[in-house]
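Following: one structure in structure tokens, then a few remarks.
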Amino acid sequence: MFLCYSTPANMSYFGWENEALPLGNGRIGAKVFGGPDCELITLNEKTLWSGGPATPQYHGGIKNGDGGKTYRAVRDLLLGGEIKKAQRAMDALQGDEDGSGDYQAFGSLYLQFDDFGAADHYVRDLELDSASAMVNFRAGKAVFSRHYFVSYPDNVMVGRLEAAWHKQNEEEDGEEPPPPTFSFNAYFVSEQKGESVSAGDTITVEGTVQANRGVDGEPTENANGMRYGGAIRFIPQDGTVTATENGQIRVENTSSVVFVLSLATDYQNSYPRFSDGSDPLRDKALPAVDAAAKQSFGQLYRTHLDDYRPLFRAVEFKLGEEQGAHPVDFMLKRFDKKGEFKRPLIALLFQYGRYLLLSSSREGTLPANLQGIWNAKNDPPWRADYHMNINLQMNYWPAYAAGVPAAAGPFRDYVASLRRPGRLVAAKTLGVGRAASMEDPALDEPTGWVAHTQTGPLGMCGPGSDWRWGWEPTNGAWAAVQMYDCYAFDHDFESLKTTVYPTMEESARLFSQLLCEDKRSGRLVNAPGCSPEQGPATAGCTYDQTILYALFDAVIDAAGVMEAHGCGDQVDRALVETLKAQKDRLQPLQVGKHGQLKEWFDEDGFPRGGKGYGVEKLHRHISHLLGLYPFALIDDDTPGLQKAAKVSLRGRGDKTTGWAMAHRLCCWARLRDGEQCDEMIATILKTAIMKNLFGTHPPFQIDGNFGFTAGVAEMLLQSHNGLIRILPALPKDWRSGSITGLHARGNITVGMTWDLGRLKTGTLCARDGGTVRLLYDGKIVLVQDADGAEIETDFEDGVTTFSAKPGETYTFS
Ligand code: FUC
């Protein structure tokens with residue numbers, strides 16, 4: 001599976017965003033433009049950030065740290081029914097963005113070639129199966145080829161540039177002439193005004209983050225002293241390599257040259273210092289380059305493939321006809337005009353999502369941010385941060401469902417790392433906890449943490465500069481619940497014990513204290529709260545109530561798992577008992593007078609349909625539908641709520657931002673409406689996918705890619721509420737296909753083949769064994785063991801149940 005193009009990417013920001021091809025290993029990111037005369041590779045290091053505690057104006061987004069006085073005042077206004085007054089009072093609750101910083105661009109590598117004449121027969125491609133970018137073209141009688149990849153084990157980007165005679169010419173002459181050669185100048189442009197130095201065969205660059213706006217811009221107040229370093233070494237097989245006085249490298253008369261590069265910073269995710277005190281160039285980048293330069297291209301490539309391929313090949317997806325060698329932009333155009341190439345594009349975009357997650361999120365790195373790992377600006381949209389009212393969560397929806405569990409660790413670690421800065425926000429803005437400063441030892445006590453919408457790797461998690469999108473205290477809790485869903489998929493008890501449970505329990509400890517009774521409904525509610533990015537601040541909005549219901553449910557369940565593993569001493573039993581009592585009084589889901597699922601408890605009474613409160617009928621967020629997806633509070637046992645969810649989905653419309661369409665796709669899959677899913681996919685392909693298949697909000701925002709991949713997986717397999725649904729939302733147009741390696745909750749992997757729209761056969765492996773409940777179209781499913789012997793099953797209410805042995809693979813049909 002590959003993306004191919006017959007033209008280079010335009011050397012502009014537009015070309016970077018829409019056409020250049022992404023590579024990455026979770027830490028180092030690159031985008032390849034493929035210009036024959038001048039190659040451009042933009043580079044990123046995932047931890048290169050401006051802002052943070054090292055900048056004078058930083059205070060974690062907390063503007064009004066009055067220990068929760070204002071918070072309680074607004075809450076009381078809301079509980080007293082004074083909605084209008086409460087909206088005005090909310091202004092005093094919002095925070096600011098001083099010192100929050102941005103994800104920074106590292107710089108660009110240019111390879112300026114001496115003229116070798118007009119290029120033709122040009123092909124540029126990205127091979128997903130090897131995570132390689134290739135450029136091939138002819139000039140005169142020579143063929144030029146370039147091959148690039150970014151290795152996780154060696155933490156280097158590797159490139160090989162070669163020239164050879166075109167076959168045709170060889171026959172003519174019959175002689176094996178020496179290979180054609182080429183020459184070029186290599187230079188590095190730092191986006192942080194770092195000085196590039198060249199010596200021998202190596203360019204080095206180092207400095208501290210300037211956060212300057214544009215290459216010539218002045219350092220901004222977000223310059224934080226974070227150190228960075230990078231090294232690029234050129235190893236020609238023949239010809240010469242010399243350093244020139246202006247920090248460049250000159251490679252001359254070579255027919256084959258390899259370069260290895262590595263980038264690093266002194267970042268460490270340890271609040272509030274965030275530095276490991278290292279010298280990134282001499283302690284990290286140069287040692288990585290030295291080690292790689294001792295190996296051949298073949299050895300480096302082998303190591304890369306041995307690491308990457310098993311992870312990518314774990315899931316193979318075929319949907320109808322093969323892709324063929326058509327350029328992607330050609331296929332997108334033909335689909336848009338004539339509906340052609342739909343199935344190949346869907347299969348390609350599905351796998352692309354997996355590829356992008358593996359390239360932007362690996363063990364030991366920060367998670368994929370709003371742009372994954374790829375960024376060409378020092379002031380990227382939304383700071384390319386970790387928005388947490390859907391975006392970060394969506395980035396990890398495909399991690400298990402679409403079979404890329406190796407990418408999930410950074411999500412868990414990042415969310416857990418917000419506990420300390422989140423405790424300071426809780427103490428200062430909600431009055432829970434005693435911490436008074438970033439250095440306060442009280443931050444060691446798990447008194448409760450909170451994270452709002454804008455979060456970043458330098459401790460930013462306070463209420464943003466406008467409460468309408470920034471005051472969302474349950475965002476962190478949602479992410480904590482998603483951490484537990486990782487456990488539901490992989491049964492990794494060690495991570496549950498050390499990271500997931502403590503993070504969840506502490507979040508529940510906070511909200512259990514904050515809940516208060518809403519006399520009008522008798523419910524326990526969170527107040528003030530906002531349904532992401534629209535409408536009024538209210539008491540007990542569906543978003544908050546749903547997240548807290550899922551959180552308490554998860555903590556109660558996980559406490560049982562901890563007890564069962566003999567770790568009851570690490571469970572706050574008193575809290576768990578309180579949560580049991582509080583959970584059922586949350587009552588998150590209410591049906592409104594139009595049969596809709598209510599987003600706000602009082603919405604039926606909002607004047608003029610809520611216009612005065614900033615309610616938008618077609619808003620991109622469908623936050624009141626989290627109970628349908630990704631949570632599973634709405635299911636076959638709540639048909640009334642399924643009906644209401646459908647009314648709300650229809651009412652919200654489909655044409656919206658890339659990520660928001662992906663969320664709708666996942667919701668329609670949960671409602672098992674394959675045709676609606678297929679329509680949603682068509683709209684996404686036509687309106688929210690760029691030439692390089694990056695998702696667009698607009699602008700480029702990667703959650704649309706990840707949400708799409710999760711949505712397609714959800715159409716083929718579901719495993720919430722202890723039931724494995726086979727092909728639950730298969731559109732008529734997906735008549736035949738096959739998929740392997742999808743993950744189901746319960747530490748189970750599943751593969752399926754279907755034809756004429758019907759399941760043909762499937763495989764299932766329950767790594768930990770146990771009871772497996774399968775649902776396929778309400779029909780009994782025949783299950784056989786590895787020897788083909790039919791095994792005993794129960795069939796009730798359309799569900800086939802059997803007991804699986806640990807690690808045994810079963811077939812079903
Ligand atoms: C939230 C969304 C926006 C955008 C931003 C990064 O604020 O509402 O649409 O995706 O995150």
Side-chain angles (χ1 to χ4, degrees), residues 17 49 61 94-97 100-103 356 360 366-375 377 379-397 411 414-415 451-457 460-476 478-479 482 529-537 541 543-544 547 599 614-626 630 652-667 683-684 687-690 694-708 710-711:
E17 192 177 13
W49 263 78
Q94 59 200 28
D96 64 28
E97 300 175 47
S100 55
D102 305 80
Y103 178 41
L356 291 173
S360 61
L366 283 172
N369 58 42
L370 282 171
Q371 299 182 187
I373 189 171
W374 301 279
N375 172 32
K377 290 180 174 176
D379 56 347
W382 292 283
R383 307 173 184 287
D385 71 9
Y386 298 95
H387 266 52
M388 250 188 8
N389 61 9
I390 184 127
N391 315 83
L392 178 63
Q393 290 90 338
M394 183 178 283
N395 280 2
Y396 286 86
W397 286 350
F411 169 75
Y414 175 76
V415 177
H452 290 263
T453 305
Q454 269 180 323
T455 79
M460 192 69 181
C461 59
S465 57
D466 182 335
W467 61 267
R468 288 165 192 78
W469 54 257
W471 180 271
E472 293 163 9
T474 56
N475 291 345
W478 174 5
Q482 188 163 332
C530 297
S531 193
E533 312 209 16
Q534 69 139 345
C541 68
Y543 178 73
D544 284 353
I547 289 172
E599 182 158 8
V615 171
E616 292 167 38
K617 192 165 173 305
L618 302 177
H619 198 270
R620 58 191 181 283
H621 282 270
I622 46 173
S623 310
H624 51 316
L625 292 173
L626 295 195
R652 224 9 101 81
D654 284 346
K655 295 212 174 29
T656 178
T657 61
W659 66 261
M661 288 194 279
H663 190 190
R664 285 157 171 77
L665 172 64
C666 294
C667 285
T683 310
I684 291 172
T687 64
I689 298 295
M690 302 190 275
F694 262 359
T696 185
H697 181 279
F700 160 48
Q701 201 168 294
I702 206 163
D703 38 27
N705 286 100
F706 298 138
F708 176 91

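Just so you know, ligand 1 is whichever comes first in the structure, and atom 1 is the first atom listed for that ligand. If you're wondering where the values come from, they're calculated on a predicted model, not measured in any experiment.
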Q. Among Asp703, Thr656, Leu626, Thr657, which residue meets the side-chain contact (heavy atoms from CB on, under 4.5 Å) test with His663?
A.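 When Asp703, Thr656, Leu626, Thr657 are each tested with His663, the side-chain contact (heavy atoms from CB on, under 4.5 Å) holds only for Leu626.
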Q. Does the separation of the ring centres of Tyr386 and Tyr414 fall below 6.0 angstrom?
A. yes
Q: Compute the ring centroids of Trp659 and His621, then answer whether they are less than 6.0 Å apart.
A: yes
(Q) Out of the candidates Phe706, Phe411, Trp478, only one should pair with Tyr396 under the ring-ring contact (aromatic ring centres under 6.0 Å, His included) rule; please name it. (A) Phe411
Q. Out of curiosity, Thr453 OG1 to Arg468 CZ, how far, rounded to the nearest 0.5 Å?
A.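 It is 13.5 Å, given to the nearest 0.5 Å.
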Numbered atoms and elements of ligand 1 in range of [X], under 4.0 angstrom, heavy atoms:
{"X": "His621", "result": "2 (C), 8 (O)"}
{"X": "His697", "result": "3 (C), 4 (C), 9 (O), 10 (O)"}
{"X": "Leu370", "result": "6 (C)"}

Q.
Within the structure provided, determine whether Leu356 and Phe694 are in side-chain contact (heavy-atom separation under 4.5 Å).
A. yes
Q | Any Trp469 heavy atom less than 4.0 Å to ligand 1 | A |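 Checking ligand 1 against Trp469, which is what was asked, there is no heavy-atom contact under 4.0 Å.
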Q.
Measuring from non-hydrogen atoms of Asn391 to any atom of ligand 1, is the shortest distance under 4.0 Å?
A. yes
Can you find an N or O of [X] that's nearer than 3.5 Å to an N or O of ligand 1?
{"X": "Arg620", "answer": "yes"}
{"X": "Thr453", "answer": "no"}
{"X": "Thr657", "answer": "no"}
{"X": "Gln701", "answer": "yes"}

Q | Between Gln701 and Gln371: side-chain donor-acceptor atoms closer than 3.5 Å | A | no
Q) Where is the nearest protein heavy atom to atom 7 (O) of ligand 1: which residue, which atom, and how far? A)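 The protein heavy atom lying closest is Glu533 OE2, 2.3 Å.
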